[in-house]
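What follows is a set of notes on a single structure, which appears directly below.
Order of appearance sets the numbers: ligands from 1, and atoms from 1 within every ligand. This one's a predicted model, so the numbers in the text were calculated from it and none came from an experiment.
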Amino acid sequence: MTNMKRIAVLTSGGDAPGMNACIRAIVLTAEHFNVSVIGFRHGYYGLLNSEHVEISTDMVSNIIQNGGTILHSARCPEFKTEKAALKAANSLDALGIDALLVIGGDGSFHGAHHLQQYWHKPVIGLPGTIDNDIYGTDATIGYFTAIETALDAIDKIRDTADAFERVFLIEVMGRHAGFIGLSASISSGADQVLLPEINNDNEAAFKNLVARIETTREKKGQCSYIVVVAENLWPGGVTALAEKINSELSIESRPVVLGHIQRGGSPSPQDRILATKLGAYAVECALQGKSGIMVGEQNQQLVEVSLPHTWQNQKPLDPYLVKIQTEFFDILE
Ligand SMILES: Nc1ncnc2c1ncn2[C@@H]1O[C@H](COP(=O)(O)OP(=O)(O)O)[C@@H](O)[C@H]1O
Ligand SMILES: O=P(O)(O)OC[C@H]1O[C@](O)(COP(=O)(O)O)[C@@H](O)[C@@H]1O
């Protein structure tokens, strides 16, 4: 262990349930090693403007169950410049910080890597995003809770869909990744799913969707039909897709955008446990002088992955789940 006295943490990019659990684990573990923790508010903005607070163990009691982040989050485009990174490095030195922990997604990891070129002390990333789109860790903090939230909403939509025997197009988050979409679709028993990793031809996907709805209804009569659609896949989203279905065919459909509810709520046990594990491990890695890495978990083993590897490689969807949904279940019930 090195002689570290003070480390810092910030949360950046899209908030994710479990970020508070992670901050708590960092503070409690640091306390164990007699290291104090400074928190920067509002992600990289706080780092640039020295918006900081000493996080005591009192401040992290009773936060494990809360969504959001006590440090607040932000997207800070100006952090991409050399000037900003130099300013951040000076700010860290002025505060006597020995290591920086960044909880966020791949954008935040780019930021951590960028800072590392100008500040030569340990910088460690912790994967915190509902999208689960970070290579090198089986899951990201927040992903499991987001699936539960989406699933709960889809189950409710199914009630009204069944009552009116309607088609519902339900848009889920994920930016450009289909992890939430695939998991929500499998766990809700959705009739069909449209994901960026699977559908690269929107017109073909539309034809297939319509054919399947029509054939299902020829066979079963009027019935509900649930389609999970990843955001940023259909131009104009599910509202535009529903309008196309309604206008070109005599099929009544309703669009629902689940939106930011997927980012909120009390973190699931899995997210709390993952956040706690990664928070504690990040502190240990920092104290050992490790830098330029993301801490993650693969097959229940803690791992360290170089930051660029986390965005240079694409994390695949579970191929067997894809097969189930698109081959085995691509049948008319
Ligand atoms: N190439 C980059 N260089 C430096 N900082 C970056 C870079 N890309 C993103 N960031 C910083 O990380 C922040 C969060 O990134 P963003 O992509 O919005 O969220 P996430 O971290 O959740 O993926 C950005 O607002 C910016 O401050
Ligand atoms: O809250 P905003 O800025 O509208 O961003 C929405 C985006 O953030 C997310 O919720 C989370 O993404 P990140 O964790 O990569 O920031 C995406 O699923 C979504 O596309």
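Taking distance alone, with nitrogen or oxygen atoms compared against 3.5 Å, G174 approaches ligand 2 more closely than that limit. An N or O contact shorter than 3.5 Å links D131 to ligand 2 by distance. The shortest N or O to N or O distance between D106 and ligand 2 is not under 3.5 Å.
At least one heavy atom of H260 sits less than 4.0 Å from an atom of ligand 2. At least one heavy atom of G14 sits closer than 4.0 Å to an atom of ligand 2.
Sorted by first and then second residue, the pairs that involve residues 36-62 and meet salt bridge (charged side-chain N to carboxylate O under 4.0 Å, His left out), not counting sequence neighbours, are R6-E54. Among residue pairs with one or both ends in residues 292-308, those qualifying as side chain to side chain donor-acceptor pair (under 3.5 Å) are K277-E297, Y281-E304, K290-E304; sequence neighbours excluded.
For the residue pair A286 and L101, the shortest heavy atom distance occurs at CB-CD2, 4.2 Å.
For atom 6 (C) of ligand 2, the closest non-hydrogen atom on the protein side is R263 NH1, 3.7 Å.
When heavy-atom distances to ligand 1 are checked against 4.0 Å, the residues falling inside are S12, G13, G14, Y44, R75, C76, F79, K80, G105, D106, G107, S108, H110, G111, H114, ordered by chain and number.
Within 6.0 Å of atom CD in E31, 12 or fewer heavy atoms from other residues, nucleotides or ligands are found, so the atom counts as exposed in its surroundings.
Qualifying salt bridge (charged side-chain N to carboxylate O under 4.0 Å, His left out) partners for R254, counting only residues two or more places apart in sequence or in other chains: E252.
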